[in-house]
Every structure is written in C-alpha cells, then in structure tokens.
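Counting begins at 1 with the first residue of the sequence. These numbers come from a predicted model, not from an experiment. Atoms considered below: every heavy atom in the structure, side chains included; atoms not considered: hydrogens, waters and symmetry mates.
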Amino acid sequence: MIEEVLPKKRAVTMIDVLLLITVMIWGSNPTVVKLGLRTVSPFAFNAARCFVATIVCWVILLVKERDWRVEGQDLLGILWVGFIGNFVNQAFFIMGVNNTTAGNSSLIMAGLPMIVACISIFFRLEKIDKRTIVGIVTSFAGILLIVMGTGQKISLTDQYFYGNIMAFFGTTSWAVYTILNRKYLFKYSALKLTTYGITIGFLFMFFLWMPDIFAQDWQHLNQTSVWAILYSGGLSIAMGTVFWNMGVGKVGSTRTSLYNNVTPVVSVICGGLLLGEQLKIIQGLGGVFIFTGLAISRRRKSVEELKEMEN
C-alpha cells in the first residue's frame, strides 16, 4: 500500500556514481585502443587485455572475498553467460568495427537499452514503465545527434551491411549477457561473476586466436601499446564489467543499459583532447539529450504510476 507521494527526484547513489565511472572508462577506451593498435594486431590486443583483466579480477577476488568457489549446479550456467559476454560479444565487436563505419557502430550500440527492454518485456523479466521508455528514446536521439556531428556516414544497408550485422549481434549478445547475469547476481557477487566470465572469455580467445597471439612481436611493443593494454584490460574490461554487473544487480538490466549511451559523449571528448578530432555544437546538444534521457529514467514514480504497476 502506498501511503505518501514519493519525491520526484532520486538522490544520486553509489551505484549511479560507479556506472558513470564505468561509462567514462568505456568512453575513453576506444581512443586508448586506437593508440594501442598501432603496434598490436586486433585479436592479439584483445587477448592481451583480457589476460590482464583475468589476472586483475582473480587477485582482487582472492584478496577481497577469499572464497572463489561457486556451487556446482551454477557453474555451467555462469560460464555460459560469461562466454556470451566476454567472447561472443568481443568477437562480433571486432568484426563489426572492422567492417562498418564509426557512425553505424555508435547507432547500433545505442540500441542496447531498447534491445534489453524488448527482451525483458517479451520474457516478462522486468516491468518497463513509460518513463523509462521516454528516457530510452530521448537518449537514442542524443546518440543520433552526436553521430551526425562527427560527419561519419550513416547507412545500414550499403557495403557495410556485413559489419552492421556483426555490430548488431555484438550489441545483442551484450544485452543477453546483461539480462542473464542478473539471475546469478542475486546469489553471487558481481566481482565473482565477472572473474569467471572474463576467465572463460580469455581461454577461448587464447585457443582460437593463437596464430595472431604468437605472430605478435611482444618484445618490441612501444610504451603506448603497453599502457593501452593495461588500461583497457585492468580498467575497461575488469573494473568496468564489475561495476556494470553491480548496477544490473541493484537497479535492473534496462536502467543500467541506459548508462551505456553516455559512452559516446566521453568518446567524443577524448577524441577531441587526445586525437585532435573536432568537437561541434550539435554533439554537445546530443550530450544534453543523452543525460536528459538518463535523468528521466531515474525520476521516481508518482503514486498513480505505482498504483498502476501494482494492479
């Protein structure tokens, strides 16, 4: 029973802060990766950063929680979900980025909240209120403005069709990972699930991408590539995924996925500061739309809305 009207604004929580830190790390990651790939092949770079992430996660898990075990009945499911999020997603991501434009990739990845919401509604996993839907649409409009500001070609049906399909599968696989992982977040910590997921992802990368790994001249990497691998592995994959999973466990898959759309804002800023890419007013407007959509989705529900959901 609802006794009083809830305030319209929701205070910023630690989860909000962690998710914003995550998207800031993920937003700067493409620029870091571009710098790192100057002397490392894509598959070798991915395997190297996942190796770093695996080490980081296991060290933190053993020091912080000390208990690394999961119940036998859950192990296969946890590894399967980790495989989807940390190998399937990475494989599709690489093939997508290499075969389509940055503009197409940004738009497709911006569809993550909508894909998560559709899957959640279809399988009745979460209740998606009208405010969240408005937030998703507003945020997506912001992504469109940012892409338009970059001057990148936007087309989903031309010669980049293969890359677009790969990028879509990559986004969908991350949506599936985000949703399925929540089941285990009620029982295990985000750190433990992330550690198992990244580990299984790295093992598949090592065995399937072995030719690229051994063909890479690791002894003569420049300092920039080394720091890029450490940053992308330790922060972007390891800590970013832990914080993301914490958000999924606390506020749900759909609302957490909305934070993903802040990533392009950070990417544009980092590209301007580190790579000399031009920043435009329309991109700033896009950022306003994205944060507005996020704010709309975070507002507390009125008494009438809560009663409607209860019925």
Inset, instruction - Kindly say whether the aromatic ring centers of Tyr184 and Tyr188 come within a distance under 6.0 Å. - result: no
Inset, instruction - Please tell me if the side chains of Lys192 and Asp67 come closer than 4.5 Å, counting only heavy atoms from C-beta onward. - result: yes
Inset, instruction - Report yes or no: does Gln90 contribute a side-chain atom to a donor-acceptor pair with the main-chain N or O of Gly85 at less than 3.5 Å? - result: no
Inset, instruction - List in chain and number order the residues that pass side-chain contact (heavy atoms from CB on, under 4.5 Å) with Asn181, two or more places apart in sequence or in another chain; answer none if no residue qualifies. - result: Val81, Tyr177, Leu193, Asn245
Legend entry - Spacing of CG belonging to Asn260 relative to OG1 belonging to Thr22, to within rounding of 0.5 Å: 11.0 Å
Legend entry - Within one Ile-Leu-Val-Met-Phe-Trp-Tyr cluster: Val59 and Ile237, side-chain cutoff 4.5 Å: no
Inset, instruction - Answer yes if the side chains of Thr199 and Thr54 hold a donor-acceptor pair under 3.5 Å, and no otherwise. - result: no
Inset, instruction - With the side chain counted from C-beta on, respond yes when Ile60 and Met239 share a heavy-atom pair under 4.5 Å apart, and no when they do not. - result: yes
Inset, instruction - Enter the distance from Cys50:SG to Ile200:CD1 here, rounded to the nearest 0.5 Å. - result: 12.0 Å
Inset, instruction - Would you indicate whether Lys64, at its atom NZ, is surrounded by more than 12 heavy atoms from other residues, nucleotides or ligands within a distance under 6.0 Å? - result: no
Inset, instruction - Supply the atom-to-atom distance Thr256 OG1 to Lys250 NZ, rounded to the nearest 0.5 angstrom. - result: 11.5 Å
Legend entry - Polar side-chain atom of Asn46 near backbone of Pro42 as donor-acceptor pair, under 3.5 Å: no
Inset, instruction - Without swapping roles, check the side chain of Trp218 against the backbone of Ile213 for a donor-acceptor pair under 3.5 Å. - result: yes
Legend entry - Pair Thr178-Trp244, side-chain donor/acceptor within less than 3.5 Å: yes
Legend entry - Backbone N/O of Leu61 and side chain of Trp68: donor-acceptor pair under 3.5 Å: no
Inset, instruction - Anything under 30° is parallel, anything over 60° is perpendicular, the rest tilted; go ahead and classify Phe206 against Phe202. - result: tilted
